[in-house]
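Structure first, commentary second.
Here is how names work: the chains are called A, B, and so on, in the same order as the sequence lines, proteins then strands, and each is numbered from 1.
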Protein chains: 2
Amino acid sequence: MNAQFKKGVLDMCVMALLGFRDRYGYELVHEISERFEISEGSIYPLLRRLLTEGYVTTYLQESDEGPARKYYSLTKQGIMARDELISEWRDFSAAVSDLIGEMTNAEG
Amino acid sequence: MNAQFKKGVLDMCVMALLGFRDRYGYELVHEISERFEISEGSIYPLLRRLLTEGYVTTYLQESDEGPARKYYSLTKQGIMARDELISEWRDFSAAVSDLIGEMTNAEG
DNA sequence: TTCACTATCTTGTAATGCAAGATACTTAAA
DNA sequence: TTTAAGTATCTTGCATTACAAGATAGTGAA
């Protein structure tokens with residue numbers, strides 16, 4: 001999988017998942033991995049960025065299965081950023097898919 | 001428009017356009033600009049990369065309207081790279097759109 | 001001669017995914 | 001006891017790439 005495709009999209013996916021319910025980093029890695037390849041080295045720095053930008057807040061919660069989990073919760077700013085990203089993604093991915101469709105259908 | 005979304009996608013779009021017919025840099029900038037925002041500072045270095053990787057060849061052609069145009073032509077390797085990228089893009093963008101759809105429809 | 005348009009190219013910066021590795025808790029097998 | 005597997009977080013440094021900004025240069029019209 002082309003790593004470049006994921007640039008910017010990962011933020012959006014994480015925020016979309018957090019919009020549904022709070023989640024912790026490890027959970028996000030596994031959740032997204034069901035859709036496409038992703039590594040922990042991408043998610044943890046990304047979550048830190050979202051925190052710095054005020055798009056998420058965090059709280060610790062103990063677990064019976066291992067170390068405490070750090071849950072992430074989407075803020076109002078996060079919701080707005082997410083919605084903006086999703087809107088841009090829809091326009092952009094549609095434009096790209098159109099272009100590809102036109103160029104490959106008409107190919108000589 | 002989120003610049004991050006374009007990472008990797010621009011290569012694919014340029015190669016898709018070149019798969020239809022040979023084009024020169026300035027032309028590509030304007031062609032792609034009809035679909036989404038793009039600048040010359042992205043296209044010319046990108047074309048140089050494609051050349052280095054053997055995905056395109058070039059030839060000069062004089063013009064009545066200004067300086068000579070450098071046309072880019074897709075090689076067999078370029079065609080294979082393009083097809084691979086397009087296949088990955090289709091899978092990836094579908095996965096992302098699905099995830100977003102599921103998370104925003106079911107939102108509380 | 002000045003401007004607009006056409007056309008190519010370079011430099012430096014910012015952003016971000018990821019490999020690799022460190023740390024630490026729990027449980028179960030050897 | 002020791003070892004390993006699974007769960008969980010975090011950091012460092014690297015590679016890639018879009019783009020702003022600016023330089024250069026040809027053509028044709030005002």
Proximity to the side chain of [X] - top-ranked nucleotide from [options]:
{"X": "B:Lys6", "options": "D:dT16, D:dC19, C:dG17", "value": "D:dC19"}
{"X": "A:Leu10", "options": "C:dT10, D:dA18, C:dC18", "value": "C:dC18"}
{"X": "B:Tyr44", "options": "C:dG17, C:dT10, D:dA18", "value": "C:dT10"}

OP1 or OP2 of [N] less than 4.0 angstrom from a side-chain nitrogen or oxygen of [X], does that happen here?
{"X": "A:Tyr26", "N": "D:dT9", "result": "no"}
{"X": "A:Tyr24", "N": "D:dT9", "result": "no"}
{"X": "B:Arg48", "N": "C:dT10", "result": "yes"}

> Taking the six-membered ring for Trp, are A:Tyr24 and A:Tyr71 parallel (under 30°), tilted (30 to 60°) or perpendicular (over 60°)?
Replying inline: perpendicular
> Should the ring pair A:Phe92 and B:Phe36 be called parallel, tilted or perpendicular, given that the plane angle runs from 0 to 90° and is split at 30 and 60?
Replying inline: perpendicular
Spacing between [X] atom [atom1] and [N] atom [atom2], to the nearest angstrom:
{"X": "B:Gln4", "N": "D:dT16", "atom1": "CD", "atom2": "P", "answer": "16 Å"}
{"X": "B:Asn2", "N": "C:dA15", "atom1": "CG", "atom2": "C1'", "answer": "10 Å"}
{"X": "A:Asp11", "N": "C:dA15", "atom1": "CG", "atom2": "C1'", "answer": "10 Å"}
{"X": "B:Lys7", "N": "C:dC18", "atom1": "NZ", "atom2": "P", "answer": "13 Å"}
{"X": "A:Glu27", "N": "D:dT7", "atom1": "CD", "atom2": "C1'", "answer": "12 Å"}
{"X": "B:Met12", "N": "D:dT17", "atom1": "CE", "atom2": "P", "answer": "13 Å"}
{"X": "B:Arg23", "N": "C:dT8", "atom1": "CZ", "atom2": "C1'", "answer": "19 Å"}
{"X": "A:Met15", "N": "C:dT16", "atom1": "CE", "atom2": "P", "answer": "10 Å"}

> Considering residues at least two apart in sequence or located in another chain, which fulfil the salt bridge (Lys or Arg N to Asp or Glu O under 4.0 Å) criterion with B:Glu27?
Replying inline: B:Arg21
> Can you list, by residue number, the residues of residues 50-74 of chain A that have a non-hydrogen atom closer than 4.0 angstrom to DNA chain C?
Replying inline: A:Asp64, A:Gly66, A:Pro67
> For A:Glu40, which contact category applies under a 4.0 Å heavy-atom criterion: base, sugar-phosphate, or nothing?
Replying inline: base
> Do the side chains of B:Val56 and B:Val14 get nearer than 4.5 Å, heavy atoms only?
Replying inline: no
>> Between A:Asp11 and A:Tyr55, do the side chains contain a donor N or O and an acceptor N or O under 3.5 Å apart?
In response: no
>> Is it true that, when you exclude A:Glu53 itself, more than 12 heavy atoms of the residues, nucleotides or ligands shown sit nearer than 6.0 Å to its CD?
In response: yes
> Is the CZ atom of B:Arg49 crowded by more than 12 outside heavy atoms at less than 6.0 Å?
Replying inline: yes
